[in-house]
Amino acid sequence: MNKIDPEQPINATPITGMTQAPVFQRGQLASSQQDWLAEEVPVALVYNGISHVVMMCTPKDLEAFALGFSLSEGIIESPHDIYSIEINPACNGLEVQIELSSRRFAGLKERRRAMAGRTGCGVCGIEQLADIFRPVVPLPFTQTFSLAQLDRALGQLRQVQDVGQHTGCTHAAGWISPEGELLGGCEDVGRHVALDKMLGLRAKQGWQQGAILVSSRASYEMVQKSAMCGVEILFAVSAATSLAVEIAERSNLTLVGFSKPGRATVFTHPQRLLD
């Protein structure tokens with residue numbers, strides 16, 4: 001991504017998620033100049049008073065992140081399972097306090113107890129592997145997308161990267177309509193977090209028709225998170241891993257990599273795509 005010249009003025013209103021710092025350029029080490037950096041802070045997701053996970057994030061769109069993470073990880077089934085979300089400073093980061101329904105919180109506690117009671121390291125045991133690859137109900141075939149609209153969508157992705165345009169440091173995830181219009185999206189220093197934020201935004205907006213476009217590669221987590229939220233088509237600007245393709249095939253998700261102007265590599269279920 002091309003950065004905006006740091007010498008140029010930016011919006012008078014500070015952009016959430018970035019800060020300035022002195023830097024030295026090659027050939028000009030005698031003096032420094034100010035440059036923009038993307039912020040990366042620890043963000044704890046706390047469900048009904050119990051800390052569940054800490055992620056390194058760009059501190060913006062955190063309500064969308066909490067909602068999207070909860071959906072993509074199977075903690076909730078719909079946004080109605082969350083009663084409230086509050087964001088508070090904590091230590092050197094932020095806490096996102098999420099109040100869950102009693103039924104969903106009971107399920108989360110049961111899953112946490114099962115994980116805590118297991119022994120072994122890494123992914124040595126079948127139980128750990130079962131946790132990594134969550135079962136996904138095979139997706140229906142209700143969506144189509146014309147590849148002729150992909151170039152238009154690619155040209156709009158930078159619109160959701162306010163921080164990225166000044167720092168060159170963020171990934172983006174956007175929701176594109178069947179007509180190739182970018183309806184909205186989110187950015188973050190982490191590609192998974194950017195996707196979770198966008199999935200949360202999608203749930204709040206009620207977007208159903210269309211596809212996801214991400215500025216990164218497609219790993220298995222990206223495919224799994226998308227499928228868990230009922231997304232049928234995922235476009236990635238970069239490559240896909242073998243495991244991502246395997247999970248996309250099993251879950252009936254259409255996975256497209258190397259999505260660039262005039263180019264696209266379809267890995268799974270091309271019947272949704274019109275060329």
Side-chain angles (χ1 to χ4, degrees), residues 43-48 50-55 57-58 60-87 95-112 115 131-140 142-143 160 171-176 183-188 190-214 216 218-236 244 247-248 250-255:
V43 174
L45 299 184
V46 182
Y47 292 92
N48 292 24
I50 298 178
S51 181
H52 179 68
V53 67
V54 177
M55 306 286 285
C57 307
T58 303
K60 60 181 294 191
D61 301 320
L62 294 183
E63 287 193 14
F65 172 49
L67 176 56
F69 179 90
S70 301
L71 287 166
S72 69
E73 294 293 317
I75 295 171
I76 62 174
E77 294 177 343
S78 80
H80 300 296
D81 291 325
I82 292 180
Y83 295 153
S84 67
I85 299 175
E86 293 184 3
I87 302 169
E95 279 189 350
V96 182
Q97 300 282 348
I98 305 161
E99 184 182 354
L100 284 182
S101 68
S102 298
R103 181 174 66 90
R104 301 311 300 179
F105 185 55
L108 178 60
K109 287 195 297 183
E110 183 60 35
R111 188 163 79 179
R112 288 173 59 87
M115 293 176 65
D131 280 334
I132 289 174
F133 306 119
R134 293 182 301 278
V136 177
V137 177
L139 295 164
T142 65
Q143 302 293 307
V160 301
H171 289 292
W175 184 258
I176 52 178
L183 298 183
C186 297
E187 64 178 332
D188 199 273
R191 65 183 188 276
H192 303 103
V193 178
L195 177 60
D196 276 329
K197 288 179 177 179
M198 194 284 298
L199 291 170
L201 177 63
R202 171 179 176 260
K204 289 200 298 183
Q205 296 294 333
W207 296 325
Q208 294 296 325
Q209 304 296 315
I212 288 176
L213 172 62
V214 297
S216 64
S219 59
Y220 87 89
E221 301 103 321
M222 308 288 277
V223 171
Q224 188 166 259
K225 285 177 176 291
S226 300
M228 285 287 290
C229 292
V231 175
E232 296 184 31
I233 306 171
L234 173 61
F235 292 99
I247 293 176
R250 289 205 312 255
S251 62
N252 289 349
L253 181 140
T254 297
L255 177 60

Look up atom SG in Cys186 and atom CZ in Arg202, then write down how far apart they are to the nearest 0.5 Å. 13.0 Å

Less than 4.5 Å apart, any side-chain heavy atom of Glu95 and any of Ser51? no

Could you work out, with ring pair (Phe, Tyr, Trp, His ring centres under 6.0 Å) as the rule, every residue matching His52, not counting sequence neighbours? Tyr47

Looking only at heavy atoms, which two atoms of Glu232 and Leu139 are closest? And how far apart? CA-CD1, 4.0 Å

What's the shortest heavy-atom distance between Ser216 and Ala236, and which atoms? O-CB, 3.5 Å

Distance in Å, Leu255 CG paired with Phe235 CZ, rounded so as to fall on 0.5 Å steps: 10.0 Å

Please find the pair of heavy atoms, one from Ala173 and one from Leu195, that lie closest to each other, and give the distance. CB-CA, 3.8 Å

Between Leu183 and Gln205, is any pair of side-chain heavy atoms under 4.5 Å apart? no

Any side-chain heavy atom of Ile212 within less than 4.5 Å of one from Trp175? yes

Is the shortest heavy-atom distance from the side chain of Glu99 to the side chain of Asn48 under 4.5 Å? yes

Let me see the working for His171 and Val214 under side-chain contact (heavy atoms from CB on, under 4.5 Å), right down to the final yes or no. CA-CA 8 Å; His171 289 292; Val214 297; over 6 Å; no

Are Leu199 and Leu71 side-chain neighbours, meaning at least one heavy-atom pair lies under 4.5 Å? no

Whether the Thr58 and Glu187 side chains hold a donor-acceptor pair (N or O, under 3.5 Å, no angle test) is what I'd like checked. no

In this structure, CG of Leu45 is separated from OG of Ser70 (nearest 0.5 Å) by 7.0 Å

Walk me through whether Leu253 and Ile247 qualify under side-chain contact (heavy atoms from CB on, under 4.5 Å). CA-CA 8 Å; Leu253 181 140; Ile247 293 176; over 6 Å; no

Roughly how far, to the nearest 0.5 Å, is CD of Gln224 from CZ of Arg250? 9.0 Å

Can you find a pair of side-chain heavy atoms, one from Lys225 and one from Asp196, that are under 4.5 Å apart? yes

Tell me the closest heavy-atom pair linking Met228 and Glu73, and the distance in Å. CE-C, 4.2 Å

Please give me the minimum heavy-atom distance between Ser219 and His192, naming the atom from each residue. OG-NE2, 3.4 Å

Please round to the nearest 0.5 Å and tell me the distance separating atom CG of Leu62 and atom SG of Cys57. 6.5 Å

Do you know which two heavy atoms are closest between Ile85 and Ala66, and how far apart they sit? CD1-CB, 4.1 Å

Given the options Ile82, Asp81, Leu108, Ile75 meets side chain to side chain contact (heavy atoms under 4.5 Å, CB included) only with Leu108

Taking the side chain as C-beta and beyond, is there a heavy-atom pair between Phe65 and Asp188 under 4.5 Å? no

Do the non-hydrogen side-chain atoms of Leu201 and Trp207 ever get within less than 4.5 Å of each other? yes

